[in-house]
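Presented below is the structure to which this report refers.
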Amino acid sequence: MPRFAANLTMLFTELPMLERFAAAADAGFQGVEILFPYDIPARDLSRAAIAAGLEFVLMNTPPPNWAGGPRGFAAEPGREDRFRSDFDRALRFAEALRARHVHIMAGYAEGPDARATFTRNLAWAADRAPHVSLMIEPLNPMDQPGYFLADFDLAAEIIAQVGAPNLGLQFDSYHAQLITGDAMEVWRRHGGIVRHVQIAGVPGRHEPTGGMIDYPGFFAALDQSGYKGWVSAEYNPRALTAQGLGWLPRT
Ligand SMILES: O=C(O)C(=O)[C@H](O)CO
Ligand SMILES: [Mg+2]
């Protein structure tokens, strides 16, 4: 069975951020992720993770605000300077948090120029931080209209084109299901380059139970394929987070 992390941007939101760590540990999670940790001093987040005995698994490149904000700039032609200064800021946080992965967000753009910009920026980032695990993640176009990366085959092509050992795929089964209609098939096709998995129920992005994805079957498929990374719960709980954790396998 994989190790499970709680996405603290979306889970345990009934508590202040620094209290979510202990709640996640008590619920049985072994790791945590925060999408945009930039509003809280990194040392406070790091202390909370250590005190709760949790690994800090993932954070995103800026911008800082989750609510309604854009999702990065890496594919936006003409915004290379902004991407680079944001990336350096993300690295400072990642180091302080000892984050295992950094998700580089593409932003809103389309066409060959966007692809070339994204590829160049990723190559630059992979070279600038060879010791950091970097990832890109396709997002479904219903939730993020206009987001550059909305295709798993394209993500795999770009990762191959950059060819950096520290760049891989972030596989969110919720987005995979909404983009293709068959998250399991996407896993079979691209699981080999996946460094991190996120899960949620489809439809609705709630608890991973009873929807279009067979999660017990998916977890078994992860084990069968030798996946050794984390699986993060990235969903909006229907009620209090703890009330909806029946799906979380207990070790
Ligand atoms: O939306 C998601 O699924 C993510 O994982 C991003 O990091 C945030 O947009
Ligand atoms: Mg995700």
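Each ligand, and each atom within it, is numbered from 1 in the order the structure gives. Quick caveat: nothing in here was measured; it's all calculated off a predicted structure.
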### Query
Who gets closest to atom 3 (O) of ligand 1 by heavy atom: R205, H196, Q170, M10?
R205

### Query
In terms of atom number and element, which parts of ligand 1 are under 4.0 angstrom from non-hydrogen atoms of D172?
3 (O)

### Ligand-residue contact atoms, ligand 1 with H103, heavy atoms, under 4.0 Å
6 (C), 7 (O)

### Task
Search all heavy atoms of P138 against all heavy atoms of Q170 and return the closest pair with its distance.
CD-O, 4.0 Å

### Query
Do the ring planes of H196 and H101 sit parallel (below 30°), tilted (30 to 60°) or perpendicular (above 60°)?
tilted

### Query
So F29 and F12, would you call those rings parallel, tilted or perpendicular, with 30° and 60° as cut-offs?
perpendicular

### Query
Going by the order shown, which atoms of ligand 1 are within less than 4.0 Å of some heavy atom of R71?
9 (O)

### Query
Is it true that L54 and M59 fall in one hydrophobic cluster, defined by side-chain heavy atoms closer than 4.5 Å?
yes

### Query
Would I34 end up clustered with M135 when hydrophobic side chains under 4.5 Å apart are linked, directly or stepwise?
no

### Query
Relative to the heavy atoms of N60, which atoms of ligand 1 are at a distance of less than 4.0 Å?
6 (C), 7 (O), 8 (C)

### Task
Number the atoms of ligand 1 from 1 as they appear, then name those within less than 4.0 Å of a heavy atom of Q198, with their elements.
5 (O)

### Summary
One finds that the ligand 1 atoms under 4.0 Å from a non-hydrogen atom of E234 are 2 (C), 3 (O), 4 (C), 5 (O)

### Task
Considering only NZ, NE, NH1 and NH2 on the basic side and carboxylate oxygens on the acidic side, decide whether R47 and D44 come within less than 4.0 Å.
yes

### Message
I'd like to check the side chain to side chain donor-acceptor pair (under 3.5 Å) partners of R79; sequence neighbours left out, ordered by chain and number.
### Response
E76

### Query
Given F4, which of Y215, W247, W230 fulfils the ring pair (Phe, Tyr, Trp, His ring centres under 6.0 Å) condition?
W247

### Query
Charged N to carboxylate O below 4.0 Å: is that the case for R82 and D86?
yes

### Task
With heavy atoms under 4.0 Å as the rule, classify the contact between D143 and ligand 1 as side chain, backbone, both or neither.
neither

### Y174/D143 under side-chain hydrogen bond (donor to acceptor under 3.5 Å, both in side chains): CA gap, chis, key distance, verdict
CA-CA 11 Å; Y174 165 80; D143 288 355; 2.6 Å; yes

### Task
Select one of side chain, backbone, both or neither to describe which atoms of Q144 lie under 4.0 Å from any atom of ligand 1, heavy atoms only.
neither

### Message
Out of all atoms in ligand 1, which are within 4.0 Å of some heavy atom of H175? Include the element for each.
### Response
1 (O), 2 (C), 3 (O)

### Message
At a cut-off of 2.8 Å, what protein N/O/S atoms sit near the Mg ion (ligand 2)?
### Response
E137 OE2, D172 OD2, Q198 OE1, E234 OE1

### Task
Please check if any side-chain donor atom of E14 sits under 3.5 Å from a side-chain acceptor atom of T241, or the reverse.
yes

#### Entry: Element-labelled atoms of ligand 1 that are located less than 4.0 Å from some non-hydrogen atom of L139
1 (O), 2 (C), 3 (O)

